[in-house]
S.K.: 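The structure that follows is given in the form of structure tokens.
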Amino acid sequence: MPPASAEDRYRKIYAVVARIPRGRVATYGQVAVYAGLPGRARLVGTALRNLPDGSSLPWHRVLNAQGQISSRGGIGYEEGLQRHLLEQESVSFDARGRIDLERFAWDPETRPRRPRKTHRARK
DNA sequence: ATGCTGACTATGT
DNA sequence: TACATAGCCAGCA
């Protein structure tokens with residue numbers, strides 16, 4: 001099988017992002033794997049970067065492996081937007097601005113459900 | 001072709 | 001936990 005064209009790769013990435021359920025999040029690496037592009041987490045970031053503003057894709061549900069919102073570096077971008085969109089769907093951040101992936105990570109194998117409460121002691 | 005950049009990550013201190 | 005590094009590779013000048 002010849003290598004996928006850039007267009008196909010983007011399309012696959014967008015298709016995966018579109019499947020992330022409300023109230024759940026996925027990491028760049030995770031999206032890459034499900035898109036059949038293991039190891040290309042950076043490409044996922046690039047694809048989302050190229051996303052037009054009015055897109056209906058739930059791009060805000062994609063985070064880095066640390067459970068944090070990745071910086072765009074660009075001036076003018078409000079990191080608060082992504083956080084706000086997530087909080088609106090009940091995804092909560094801890095005091096350090098990170099999301100508990102144990103609770104909110106998307107698992108495509110399981111059916112959408114409400115995140116379990118965290119009664120687990122944290123370290 | 002070549003070199004640099006980066007919405008990334010795993011690993012080592 | 002927080003940085004630093006190295007590997008990564010598509011996009012772009």
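Within every chain, numbering begins at 1; the chains are lettered A, B, ... in the order of the sequence lines, protein sequences first and strands thereafter.
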S.K.: Please write out the pairs of protein N or O atoms and N or O atoms of nucleotides 11-13 of chain C separated by less than 3.5 Å, giving the distance to one decimal.
M.R.:
from, atom 1, to, atom 2, distance (Å)
C/dG11, OP1, A/Y10, OH, 3.1
C/dG11, OP2, A/R9, NH2, 3.2

S.K.: Tell me if a side-chain donor or acceptor on A/Q30 pairs with a main-chain N or O of A/D107 at a distance below 3.5 Å.
M.R.: no
S.K.: With sequence neighbours excluded, what pairs up with A/R61 under the side chain to side chain contact (heavy atoms under 4.5 Å, CB included) test?
M.R.: A/I20, A/R22, A/P58, A/L86, A/E89
S.K.: List in chain and number order the residues that pass side chain to side chain contact (heavy atoms under 4.5 Å, CB included) with A/A35, two or more places apart in sequence or in another chain; answer none if no residue qualifies.
M.R.: A/K12, A/I13, A/V16, A/L37
S.K.: Could you state the interatomic distance from CZ (A/F104) to OG (A/S90), rounded to the nearest 0.5 Å?
M.R.: 7.5 Å
S.K.: Please enumerate all residues that pass ring-ring contact (aromatic ring centres under 6.0 Å, His included) together with A/Y14, with sequence neighbours excluded.
M.R.: none
S.K.: What N/O pairs connect the protein and nucleotides 9-13 of chain B at under 3.5 Å? Give each pair on its own line.
M.R.:
from, atom 1, to, atom 2, distance (Å)
B/dT9, OP1, A/Y28, N, 3.1
B/dT9, OP1, A/G29, N, 2.8
B/dT9, OP2, A/A65, N, 2.8

S.K.: Could you state the atom-to-atom distance from CZ of A/R98 to P of C/dT1 in whole Å?
M.R.: 6 Å
S.K.: Apply side-chain hydrogen bond (donor to acceptor under 3.5 Å, both in side chains) to A/Y10 and list each qualifying residue two or more places apart in sequence or on a separate chain.
M.R.: A/N50
S.K.: Can you list every salt bridge (Lys or Arg N to Asp or Glu O under 4.0 Å) pair that touches residues 25-39 of chain A, not counting sequence neighbours?
M.R.: none
S.K.: Measure from CD on A/E7 to C1' on C/dA10 and round the result to the nearest Å.
M.R.: 15 Å
S.K.: Once salt bridge (charged side-chain N to carboxylate O under 4.0 Å, His left out) is applied, do any residues pair with A/R98, and if so which ones, sequence neighbours excluded?
M.R.: none
S.K.: Just the rounded figure in Å: distance from P of B/dG6 to CG of A/L48.
M.R.: 17 Å
S.K.: Restricting to pairs with a member in residues 33-46 of chain A, which pass salt bridge (Lys or Arg N to Asp or Glu O under 4.0 Å), not counting sequence neighbours?
M.R.: none
S.K.: Output all residues satisfying side chain to side chain contact (heavy atoms under 4.5 Å, CB included) with A/R11, sequence neighbours left out; order by chain, then residue number.
M.R.: A/D8
S.K.: Expressed as a whole number of angstroms, how long is the span from A/I13:CD1 to B/dA7:C1'?
M.R.: 12 Å
S.K.: Show me the protein contacts with nucleotides 3-9 of chain C, counting only N or O atoms at under 3.5 Å.
M.R.:
from, atom 1, to, atom 2, distance (Å)
C/dC8, O2, A/R42, NH1, 3.4

S.K.: Just grab all the salt bridge (Lys or Arg N to Asp or Glu O under 4.0 Å) pairs involving residues 28-37 of chain A, residues at least two apart or on different chains.
M.R.: none
S.K.: Rounded to the nearest angstrom, tell me the gap between atom CG in A/L85 and atom C1' in B/dA7.
M.R.: 15 Å
